[in-house]
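For reference, the structure is listed below as structure tokens.
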2 protein chains.
Amino acid sequence: MALRHAVLAALLDEELSGYQVTKAFAAGVANFWHALPQQVYAELARLEKEGLVAGREVIQEGRPNKRLFRVTGEGLAELENFASSAAKPAFLREDLLVQVQAADHLDVDVLIERLTERYAFAEAKAALFEEQLRRMRGGLDEAEFLLRGARVGPYLTCRRGRDFERANRDWCRDVMEVLRSRQAAGEGA
Amino acid sequence: MALRHAVLAALLDEELSGYQVTKAFAAGVANFWHALPQQVYAELARLEKEGLVAGREVIQEGRPNKRLFRVTGEGLAELENFASSAAKPAFLREDLLVQVQAADHLDVDVLIERLTERYAFAEAKAALFEEQLRRMRGGLDEAEFLLRGARVGPYLTCRRGRDFERANRDWCRDVMEVLRSRQAAGEGA
DNA sequence: TCCTCATAGTCAAGAAAGTGACTAGTCAGT
DNA sequence: ACTGACTAGTCACTTTCTTGACTATGAGGA
């Protein structure tokens, strides 16, 4: 039941179309949650039916009409309720971790390929988040923004996303180094 | 289809009972994947049916009999195949991130409660991983172990788990500090 | 002119993950 | 004698997530 709250949280600061919400949750951009368009639209429909968000039709010219959603009072109450109950901590759940877990039984070169891919992905995503953070800060330096800027929530979650990808990148680097050193040591023996 | 590979990876180094595997995947201990006992037993049954693991009954006295599982040649081939195809990167998916995303619209004190809980959890889990790492290293120092120790795979994934929880802890600390500072600044105004 | 991309969605089906309850025996405390 | 924890597992059900395809329209480039 967290996607529903994630959608509510995404709509808090501005009225968005379903399409815009799907963009916010799209792979590669999601800073605090991830979901596919189908899930987002389904969740929006449920939320509207329950009165937690309200949608209004906007007729457009030159492109398809859209529906803009905003959070209702009930929606905000639901979020407050969600925040007041304990959050369940997430675990790391990466394919690559499974592959590295088996490292001692697998081909090192194959693993290094995987690690290189993940490294590049992490680097790119971290850069993307960094760019987003810069935009959110506007002119202010970080300390100033954190103290007085509007909307620190999204900023703080985005920072977590950036740091997560940086940690992934660094881990990939370290693992590759370890695997290469062992390979070299093994060949020497 | 990653749990199946996680189970295979867990069984690579030693023959384990289903129960032991469930322990390895239990909440709070999982270093590279997480799953509930029901999932693990179901997966083991499937893997055995497909010949990727082989189980043997062990009769015990004083406690229930158990079945020990080991990975077959086919199982290892399946893992190799898994490692040779691209791993899909995971996203952060934490309830607490959703709550912080909405921080600007929620009660700060309530959020700080959540962050304090998560902080403590992260700290405890990081310590647990640290302890596990110490045990895996045995007498060796880390550089030595990474170069020449047996089974670096599990060590490296455990390190990722530890660093992940440390990052969670640090993030919680930073977020709390930001929220408190803003609260103080707001009261002053 | 065709092709692709972006906007703005929807439907159906399946795989994966999570929840709750339940069996059954042993051992250590209170 | 009773309680709770540990070993060792199983059944049934639900929610959540993922995959793949499909409908439209308009703008820009090769």
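Keep in mind it's a predicted model, so treat the numbers as computed, not measured. Naming: A, B, ... by sequence-line order, numbering from 1 per chain.
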*Given C:dT7, is OP1 or OP2 found less than 4.0 Å from the side-chain N or O atoms of A:Tyr19?*
yes
_Nearest listed nucleotide, side chain of A:Ser17, among C:dT19, D:dT7, C:dG9_ = C:dG9
*Given DNA chain D, 5'-ward residue of the pair B:Asn65 and A:His34, judged by closest heavy atom*: B:Asn65
*Are the side chains of A:Ser84 and B:Leu106 in touch, meaning some heavy atoms are under 4.5 Å apart?*
no
*Quantify the bending of the helix from C:dT1-D:dA30 to C:dT30-D:dA1 as the angle between its end axes, each fitted on five pairs, to 10°.*
30°
_Residue A:Leu36, side-chain heavy atoms: nucleotide from D:dT18, C:dG18, C:dG9 that is nearest_ = D:dT18
_Any donor-acceptor pair under 3.5 Å linking the side-chain atoms of A:Tyr155 with those of A:Glu142?_
yes
*What's the verdict on side chain to side chain contact (heavy atoms under 4.5 Å, CB included) for B:Val152 and B:Phe145, showing C-alpha distance, side-chain angles and the deciding distance?*
CA-CA 8 Å; B:Val152 271; B:Phe145 176 80; 4.2 Å; yes
*Determine whether the aromatic ring centres of A:His5 and A:Phe82 lie less than 6.0 Å apart.*
yes
*Round to the nearest Å and state the distance from A:Glu43 atom CD to D:dT18 atom P.*
14 Å
_Given C:dA17, C:dT7, C:dG9, the nucleotide with the shortest approach to the side chain of A:Arg93_ = C:dA17
*Which nucleotide in the set C:dT10, C:dA17, C:dA24 lies at the smallest distance from any side-chain heavy atom of A:Tyr41?*
C:dT10
*Whole-Å distance separating the CD atom of A:Gln60 from the P atom of C:dT7*: 11 Å
*For A:Phe25 and C:dG9, what is the distance between atoms CZ and C1' respectively, to the nearest whole Å?*
17 Å
*Indicate, with a heavy-atom threshold strictly under 4.0 Å, whether B:Arg4 touches base, sugar-phosphate, or nothing.*
nothing
_Without decimals, in angstroms, what is the distance between A:Arg67 CZ and C:dT10 P?_
8 Å
_Could you go through A:Arg148 and A:Glu144, starting from their C-alpha distance and side-chain angles, then the distance that decides it, and tell me whether this counts as salt bridge (charged side-chain N to carboxylate O under 4.0 Å, His left out)?_
CA-CA 6 Å; A:Arg148 272 179 269 276; A:Glu144 184 62 21; 3.1 Å; yes
*Which other residues end up in the same hydrophobic cluster as B:Tyr41, if Ile, Leu, Val, Met, Phe, Trp and Tyr are linked when side-chain heavy atoms come under 4.5 Å apart?*
B:Tyr19
*Sole residue of B:Asn168, B:Asp174, B:Val100 in side-chain contact (heavy atoms from CB on, under 4.5 Å) with A:Arg160*: B:Asn168
*Check whether any side-chain N or O of A:Lys88 sits under 4.0 Å from OP1 or OP2 of C:dT19, and answer yes or no.*
yes
_What's the closest nucleotide to the side chain of A:Gln38 if the choices are C:dG18, D:dA21, D:dA8?_
D:dA21
_First of A:Leu3 and B:Arg63 reached from the 5' end of DNA chain D, by closest nucleotide_ = B:Arg63
*Of the listed nucleotides D:dT19, C:dA17, D:dA8, the one nearest the side chain of B:Trp33*: C:dA17
_If you assign each of B:Gly62 and B:Ala2 to its closest nucleotide in DNA chain C, which residue comes earlier from the 5' end?_
B:Ala2
*asked:* How many whole angstroms separate atom NZ of A:Lys66 from atom P of D:dT23?
replied: 25 Å
